[in-house]
Amino acid sequence: MPELPEVEHLRRTLVPHLVGAHVLAANLLRDDIAQSHGVKGVPLNRTTKPQLLQGRNITSLRRLGKQLAILTDSGATMVIHLGMSGRLLVRDNPRNPPDHTHATWRISGPTGEHALLFVDPRRFGGIWTYPSPDTLFRYRWNTLGPDALDISAATLAKRLALSARPIKAALLDQGTIAGVGNIYADEALFRSKIHPQTTARLLPVTRVAALAEALRAILGDAVEAGGSTLRDYVDAAGEPGRAQAAHAAYGREGLPCLTCGTPLQSDTVAQRTTVWCPKCQMP
DNA sequence: AGGATAGCCTGCGGGC
DNA sequence: TGCCCGCAGGCTATCC
């Protein structure tokens, strides 16, 4: 389940291979996983290789929330969202791609010639192409809130000030704050001792500050650990992450709270399984 | 208009 | 052993 830390770790592992690389070829194996820019999006097809960066030179990799953008010297920009089960793999040998490989590239870069594969069994992810970074920012990334990795207390407070929803729902909303998924939402609420059902706008500023601090700490630590591996996620080299060992709340229903020993409670909040400590995280 | 809900999709684990 | 079912979950469309 790639959330912000997994995507940021992926970005960092891809940079040495991709930045400065020339895209020799692009291949779309499934038309419906890629769309060209626009509010509604226009489906790409197998003939639109330049939009998939064929012939371009990659200049940088950028991330906002859970989305990764590949920028090129021509302006052509490609956004990849991994969804639930998506992976981007760098391989030396393009033969025998995994099942559910939907797009492939051949690149020649600083570390040699490689195959880049987009694999996504559940197809909750996808690829979006834009003629320029500016169109990406205006038509897609404008709908996202500020990135959670360096969210400030003041910014978070401003985003939550009008929301009547449970704080858990607000955290999961990418338009409020970008990059938080179910795992790190529970972890951040646990760390800041906030009950997931608390109405967002009713949180005192000191609690919001604690939440912002918890988000930065937890996401930052997870990035350094290479992300959490639950079922699907691996980085560009196929390596699993190590952050799941640090989870204090997620997946620990019924187990003792690491702070007070009280069994953790679980229920559905904002349509998601949510785990919290009934003693530490008071309503 | 903001918020809640259904549905997309495959793999996996539990139960029988 | 093997099958079936439920669950996992990010995001969009749709409804209220």
Side-chain angles (χ1 to χ4, degrees), chain A residues 1-8 10 29-43 63-69 79-88 97-103 117-128 136 139-145 147-148 158-189 196-202 219 222 227-234 240-241 243-244 247 249-254 266-275:
Chain A
M1 303 145 200
E3 298 183 27
L4 184 156
E6 291 73 31
V7 180
E8 175 60 19
L10 174 66
L29 308 177
R30 258 196 89 105
D31 292 354
D32 61 2
I33 59 106
Q35 296 195 323
S36 64
H37 77 98
V39 176
K40 288 188 175 179
V42 179
R63 179 193 58 77
L64 180 57
K66 304 167 188 174
Q67 302 186 25
L68 182 69
V79 176
I80 293 177
H81 195 295
L82 298 177
M84 262 295 293
S85 58
R87 298 156 63 180
L88 267 184
D99 288 345
H100 308 293
T101 297
H102 304 314
L117 310 177
F118 174 65
V119 186
D120 185 12
R122 263 167 268 190
R123 304 208 298 279
F124 280 18
I127 296 170
W128 289 260
L136 163 66
Y139 292 110
R140 186 172 181 85
W141 279 7
N142 70 316
T143 65
L144 297 178
D147 195 70
K158 192 181 298 180
R159 310 293 294 186
L160 297 179
L162 297 176
S163 177
R165 309 143 87 189
I167 182 62
K168 166 96 180 220
L171 288 178
L172 292 178
D173 183 349
Q174 302 302 297
T176 300
I177 174 172
V180 182
N182 202 37
I183 299 171
Y184 297 109
D186 279 7
E187 292 302 315
L189 290 171
Q197 285 281 20
T198 310
T199 300
R201 68 175 177 218
L202 298 183
L219 294 172
S228 301
T229 294
L230 295 166
R231 298 189 186 183
D232 297 314
Y233 168 80
V234 290
Q244 71 274 18
H247 292 163
Y250 182 86
R252 297 194 69 247
E253 176 191 2
S266 175
D267 201 353
T268 299
V269 179
Q271 292 76 50
R272 289 289 170 260
T273 299
T274 302
V275 180

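Worth saying up front: this structure is predicted, and the values here are computed from it rather than measured. All heavy atoms count here, side chains included; hydrogens, waters and symmetry mates do not. By convention in this document, chain letters (A, B, ...) are assigned in the order of the sequence lines, proteins followed by strands, and residues within each chain are numbered from 1.
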Discussion item. Just N and O in the side chain of A/His100: are any of them under 4.0 Å from OP1 or OP2 of B/dG11?
Written reply: yes
Atom-to-atom span, [atom1] of [X] to [atom2] of [N] - whole angstrom:
X        : N      : atom1 : atom2 : answer
A/Leu82  : B/dC9  : CG    : P     : 19 Å
A/Lys66  : C/dT12 : NZ    : P     : 11 Å
A/Phe124 : B/dC9  : CZ    : C1'   : 5 Å
A/Asp99  : B/dC12 : CG    : P     : 11 Å
A/Ile33  : C/dT12 : CD1   : C1'   : 17 Å
A/Gln174 : C/dT12 : CD    : P     : 9 Å
A/Arg123 : B/dG7  : CZ    : P     : 18 Å
A/His102 : B/dT10 : NE2   : P     : 8 Å

Discussion item. Any donor-acceptor pair, under 3.5 Å, between the side chain of A/Arg122 and the base of C/dG10, if you only look at N and O atoms?
Written reply: no
Discussion item. Taking A/Val275's backbone N and O only, do any of them form a donor-acceptor pair with A/Asp186's side chain (distance below 3.5 Å, no angle check)?
Written reply: yes
Just the atom pairs and distances: protein N or O near nucleotides 1-5 of chain B's N or O, under 3.5 Å.
residue, atom, partner, partner atom, Å
B/dG3, OP1, A/Ala164, N, 3.3
B/dT5, OP2, A/Gln271, NE2, 2.6

Worksheet item: Of A/Glu187, A/Lys168, A/Arg272, A/Glu3, which is the lone residue that meets side-chain hydrogen bond (donor to acceptor under 3.5 Å, both in side chains) with A/Asn182?
Response: A/Lys168
Worksheet item: Under 4.5 Å between any side-chain heavy atoms of A/Gln67 and A/Leu144, yes or no?
Response: yes
Quick check for you: to the nearest 0.5 Å, what is the distance between [X] atom [atom1] and [Y] atom [atom2]?
X        : Y        : atom1 : atom2 : answer
A/Leu189 : A/Thr274 : CG    : OG1   : 8.5 Å
A/Ile33  : A/Asp120 : CD1   : CG    : 8.0 Å
A/Leu117 : A/His100 : CG    : NE2   : 14.0 Å
A/Ile127 : A/His81  : CD1   : NE2   : 12.5 Å

Worksheet, complete the sentence: Only one of A/Leu160, A/Thr176, A/Leu171, A/Thr199 passes side-chain contact (heavy atoms from CB on, under 4.5 Å) with A/Arg165, and that residue is A/Thr176
Discussion item. For the helix from B/dG2-C/dC16 to B/dC16-C/dG2, what angle separates the axis at the start from the axis at the finish, each from five pairs, in steps of 10°?
Written reply: 40°
Worksheet item: For the side chain of A/Tyr250, counting heavy atoms from C-beta on, which of C/dG10, C/dA8, B/dT10 is nearest?
Response: C/dA8
Worksheet item: Between A/Leu82 and A/Phe118, which heavy-atom pair has the shortest distance, and what is it?
Response: CD2-CE1, 4.2 Å
